[in-house]
Amino acid sequence: LVEISKHKYYEPICGIKPRDNIIDFEPEISAKKIKEYLDSSFEKYPPKEDAKAFGNIVHDYMAKYIDMILEEKIPYEKIDNRIFRMIFEHKKAMLERISLTEKILSTKNNHISERYQNIVSSANSLRLLYASYCIKRKDSVLLSLREKLLKIKEEETKILTEFLNETGL
């Protein structure tokens, strides 16, 4: 236990060691997960309090979140400044998945990963734009964010569907 501050508050410290085993990337499992990601809807993940949603439907839920901010159902002081970082991190991981699959399958060109890089760049722009909104409220930014977010979903769906078709996985 470590003493925290002069108030005699103790906090446990836990050591963690990574395992030595290495997990190989498997394009088939990756493709299965991409299919699951694309196969999400409001029917599969209906809007309920404390419910979780997975897959590309998350974009639609984030658009609803933006609507709630605009309608002041969520006060500006209580907005979550991390949500677009999550989208950006997901897009980076998806790009890595696509690139590894292209490398393992020795595809003739990397046009899918190159096109998906635009999705990653757009997600990063959204993250920065939302961060600026969190610092200084400007509601017109939210309308632009919402539109761009749904455009990313649409483009990502096209690219990932094409990727699955081309790889035959």
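When reading the values below, keep in mind they use all heavy atoms of this one structure, side chains included, and skip hydrogens, waters and symmetry mates. Quick note: residue numbers are just sequence positions, from 1.
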[X] side chain vs [Y] backbone, donor-acceptor pair below 3.5 Å:
X: Asn165; Y: Thr161; value: yes
X: Tyr45; Y: Gly55; value: no
X: Ser40; Y: Ile57; value: yes
X: Lys44; Y: Asp39; value: yes

Looking at every heavy atom in both [X] and [Y], which two are closest together, and how far apart are they?
X: Tyr61; Y: Pro47; answer: OH-N, 2.9 Å
X: Arg146; Y: Ala63; answer: NE-O, 3.7 Å
X: Thr157; Y: Leu38; answer: CA-CD2, 4.0 Å
X: Ile119; Y: Glu156; answer: CD1-N, 3.8 Å
X: Glu102; Y: Phe163; answer: CG-CE1, 4.4 Å
X: Ile83; Y: Tyr130; answer: CG1-CE2, 4.0 Å

Answer yes or no: is there a side-chain heavy-atom contact under 4.5 Å between [X] and [Y]?
X: Tyr37; Y: Lys33; answer: no
X: Asp67; Y: Leu142; answer: no
X: Asn81; Y: Ile135; answer: no
X: Lys91; Y: Leu95; answer: no
X: Met62; Y: Val58; answer: yes
X: Glu166; Y: His111; answer: yes
X: Ile87; Y: His90; answer: no
X: Leu129; Y: Ser144; answer: yes

Practice task
Compute whether any side-chain donor of one residue and acceptor of the other, for Arg115 and Asn118, lie under 3.5 angstrom apart.
Solution key: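 On atom types as modelled, these side chains do not qualify, holding no pair under 3.5 Å.
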[X] atom [atom1], over 12 foreign heavy atoms within 6.0 Å:
X: Glu147; atom1: CD; value: no
X: Arg82; atom1: CZ; value: no
X: Gln117; atom1: CD; value: yes

Practice task
Given side-chain contact (heavy atoms from CB on, under 4.5 Å), test Lys158 with Glu162 step by step and report yes or no.
Solution key: CA-CA 6 Å; Lys158 287 179 193 172; Glu162 184 179 332; over 6 Å; no
Handout entry: From CG (Asp139) to CD1 (Ile66), nearest 0.5 Å
Key =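 These two atoms lie 11.5 Å from each other.
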Exercise for the section: For side-chain contact (heavy atoms from CB on, under 4.5 Å), just list the numbers for Asp60 and Leu150, CA-CA rounded to whole Å, side-chain angles, deciding distance to a tenth of an Å, and then say yes or no. Expected result: CA-CA 7 Å; Asp60 296 301; Leu150 295 176; 3.5 Å; yes
Handout entry: Parallel, tilted or perpendicular: ring planes of Tyr76 versus Tyr133, cut at 30 and 60 degrees
Key =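 Taking Tyr133 first and then Tyr76, their aromatic rings stand perpendicular (interplane angle over 60°).
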Handout entry: Arg85/Glu89 ion pair, N-O < 4.0 Å
Key =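 Yes, charged N to carboxylate O under 4.0 Å.
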Exercise for the section: May I ask you to say whether Lys32 pairs ionically with Glu28, meaning some side-chain N is under 4.0 Å from a carboxylate O? Expected result: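 No, Lys32 and Glu28 are not salt-bridged.
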Problem - Cationic tip of Lys148 above Phe84 ring, under 6.0 Å, 45° of axis - result: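 Ring-cation test returns no.
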Practice task
Go through the steps for Met94 and Ile34 under the test side-chain contact (heavy atoms from CB on, under 4.5 Å), then give the verdict.
Solution key: CA-CA 9 Å; Met94 187 68 81; Ile34 291 173; 3.8 Å; yes
